[in-house]
Structure formats: C-alpha cells, structure tokens
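Structure first, then comments.
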2 protein chains.
Amino acid sequence: MEVCITSLLRDKGFKVTPQRLAIYNMLSSTKSHPNAEMIFNELQAMYPTMSLATVYKTMEILKEIGLVQVLNAGEDSFRYDAVMTNHPHVRCTECGKVEDVYDINIDAFVSEVSQGTKYQIMGQQFYFHGICPTCQRKNSN
Amino acid sequence: MEVCITSLLRDKGFKVTPQRLAIYNMLSSTKSHPNAEMIFNELQAMYPTMSLATVYKTMEILKEIGLVQVLNAGEDSFRYDAVMTNHPHVRCTECGKVEDVYDINIDAFVSEVSQGTKYQIMGQQFYFHGICPTCQRKNSN
DNA sequence: ATACATGCAAAGACTTTGCAAATGT
DNA sequence: ACATTTGCAAAGTCTTTGCATGTAT
C-alpha cells in the first residue's frame with residue numbers, strides 16, 4: 001500500500017516527502033471525500049508546518065500519477081477520493097456530506113452512453129443529491 | 001415561452017426587466033451550456049451596460065424559480081442550461097465544449113441508485129469526459 | 001410612490017504561483 | 001552537490017455583496 005505511493009512517486013521523478021505520504025495516507029483511510037481545507041485541518045495536529053499550498057500541489061501530483069480522483073459534486077470546492085474505481089456519489093444538501101453509492105453496476109449505463117455519443121469517452125462522474133437518513137430524521141422532529 | 005418567464009417572475013414577486021429577459025432568451029436559444037462570462041460577452045453588443053454581477057444575480061433567480069439548472073462539469077466555473085429535463089452531459093477535454101447526450105434513458109439507472117441508497121434523492125447529474133469528433137480528427141492530422 | 005433591480009467596485013472563497021529556505025536523492 | 005519541495009505571501013479566477021442610482025409596478 002505505502003510501497004505503492006513511494007515507488008509510484010519515485011518512478012515518475014517525484015520525491016517522497018513526509019507531507020506527501022501524510023496527505024495520501026489520510027485520504028486513503030477516510031470515506032469523507034475531503035476537500036483541500038479538510039485535509040489541511042486534519043493534518044494540522046501531526047504536521048503543524050503543513051501549508052494549504054502543499055496540499056494543493058500534492059493533489060495535483062497524486063492525480064497525475066493516478067492515485068486520486070477529483071470530485072465536483074456541485075460545490076465551490078473540489079473534493080478528493082483515493083478510491084479509483086468508478087462509482088457514483090451522493091451529496092446531502094442539508095449537511096453537505098458526500099458518500100459513495102455502493103452495489104451499483106454502472107457498466108451497462110456507461111457503455112450505452114459511450115455508444116450513443118461519437119466522443120472517445122475517457123471517464124465519467126455521477127452525482128446524486130438529496131437528503132441523508134440522518135437529516136431526514138432531524139427534519140421529522 | 002416568454003410569457004412563461006414573465007409570469008413566473010411576477011408570480012414570485014420578482015420584477016420583469018430587459019436584462020432578465022435577455023439572459024433567459026439567450027440561454028434558452030443556445031446549446032452551448034455557457035457560463036456566466038460567456039452569457040455576459042454574448043449580450044455585450046445588445047446590452048452594453050449589462051454587468052457580470054447582474055448575470056450572476058439573474059441566474060440565482062432563474063435557478064430558484066426552476067427555469068435553469070446549474071452544471072458542474074469539472075471545470076472552475078459553473079455552466080447553465082435552460083433545458084430542465086435530466087440528461088447526461090459530455091465535455092471535450094481538448095476544446096472544452098459541453099454537449100448534451102441524447103437518446104439515453106436514465107430512468108432505470110436513476111431508480112436503481114435511488115433504491116440502493118437510503119437518501120431521499122432530489123436530483124442527479126451525469127458527466128462524461130472525452131474527446132469530441134472534431135478534436136479526434138484534428139489529432140489524427 | 002415605492003420597493004426592487006442594476007451596475008460598479010470592493011470583498012470573499014478557492015486555487016495557483018513565485019521565491020527563498022529547507023529537504024530528498 | 002543538486003535538483004526538487006516546502007511554506008509563506010502575493011496574485012489569480014470565479015462569484016457574491018454593498019450601495020447609490022435607476023426602473024418596474
């Protein structure tokens with residue numbers, strides 16, 4: 001796991017730094033799809049000198065070497081996901097959290113669209129929005 | 001058509017202004033999914049005093065009264081669409097244009113996901129990215 | 001007549017960039 | 001030793017806001 005990012009970085013001529021490892025480890029051990037500021041805040045305690053700029057620069061590299069994907073769930077900021085399989089996301093419009101949608105096979109839908117357009121399709125993103133179970137309960141009180 | 005926006009605005013207590021009509025008419029007669037700046041530039045000739053701030057404020061209102069939807073195709077700016085049906089979009093990563101994906105029935109996929117999550121789903125957005133036919137031809141030269 | 005809208009400029013949020021000091025190889 | 005990276009501050013882009021003037025009802 002960690003050998004993966006280490007060798008991937010080195011293979012592409014990037015240096016292996018504590019900041020880069022910390023950012024990737026944090027991202028790959030959460031399901032919260034954090035944005036840059038959330039990552040920065042989370043790492044403050046352990047890495048007091050970490051800067052937001054380093055988070056952004058690191059995300060750029062991790063995206064480039066194929067270790068993270070960038071999410072755009074209709075917010076003002078980008079979120080990041082270390083899970084590289086294509087899966088839909090759902091965002092709660094009340095509390096703002098973004099979650100994975102599991103157990104859905106998107107392949108049939110993707111290939112249907114791929115064939116319907118004359119584009120050479122490279123990727124896709126599916127976003128749902130609605131109200132999460134927790135917020136539904138809050139609302140009914 | 002135009003009676004629609006006129007009465008919708010008035011019904012909700014908004015005033016009917018030349019700027020609002022011009023912005024909506026422009027948007028509903030294009031398939032280019034423009035962002036705020038594109039709309040602003042397009043209207044410069046006919047409405048020289050139009051400001052970008054007015055475009056943003058108007059989009060906020062049009063979204064609120066259900067006349068436009070906001071697209072987030074993985075770019076830095078939001079795009080707007082006066083077509084309110086749910087349909088996928090595809091963005092060319094070379095020339096940046098965003099097009100509709102036609103003749104795709106998303107209902108089965110949407111309801112499959114709706115049932116798979118415990119969210120109360122309010123809407124969804126599907127984005128594909130790839131290379132458009134025009135750019136494919138350019139690349140092969 | 002009055003409340004709302006416009007348009008300018010300023011502010012705000014998110015992200016990128018430049019550069020000197022620090023670090024990995 | 002050398003090239004790359006960090007972290008700060010400044011700049012850049014997109015969007016929102018405040019306010020005086022103008023406009024729709």
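We name chains A, B, ... by the order of the sequence lines, and we start the count at 1 in each one. On a predicted model such as this, the values are computed, not experimentally measured, just so you know.
- For C:dT23, the OP1/OP2 oxygens have no side-chain nitrogen or oxygen of A:Gln19 closer than 4.0 Å.
- By the 4.0 Å N-to-carboxylate-O rule, A:Lys57 lies too far from A:Glu60 to be salt-bridged with it.
- When rounded to the nearest whole Å, the span between OH of B:Tyr47 and C1' of C:dA5 equals 15 Å.
- Put simply, the side chain of A:Thr58 gets close to the backbone of A:Thr54: a donor and an acceptor are under 3.5 Å apart.
- Atom pair B:Lys12:NZ and C:dC4:P shows a separation of 17 Å (rounding to whole Å applied).
- Spacing between atom CG of A:Leu43 and atom C1' of D:dT6 amounts to 15 Å, rounded to whole angstrom units.
- Between A:Thr30 and A:Glu42 there is no side-chain heavy-atom pair separated by less than 4.5 Å.
- Between the CE atom of A:Met50 and the P atom of D:dC8 there is a distance of 11 Å, given to the nearest Å.
- Regarding contacts with the backbone of C:dC8, every side-chain N or O of B:Ser51 stays at 4.0 angstrom or more from both OP1 and OP2.
- Two residues are said to be in side-chain contact when any heavy atoms from C-beta on lie closer than 4.5 Å; B:Asp100 and B:Asp81 meet this criterion.
- The CG atom of A:Leu71 sits 12 Å away from the P atom of C:dT15 (whole-angstrom rounding).
- A:Ser140 places a side-chain N or O within 3.5 Å of a backbone atom of A:Arg137 that can act as its donor or acceptor partner.
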Sugar-phosphate means primed atoms, P, OP1 and OP2; the rest is base. With that split, encode nucleotides 11-25 of chain D 5' to 3' as B, S or - using protein heavy atoms under 4.0 Å. ---SBBBB-----BS
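- Of the two residues near DNA chain D, A:Arg20 and A:Pro48, the one whose nearest nucleotide lies more 5' is A:Arg20.
- In this pair, B:Phe126 and A:Phe109 present their aromatic rings perpendicular. The plane angle is above 60°, beyond the 30 to 60° band.
- Atom CD1 of B:Ile65 is separated from atom P of C:dA5 by 11 Å (rounded to the nearest Å).
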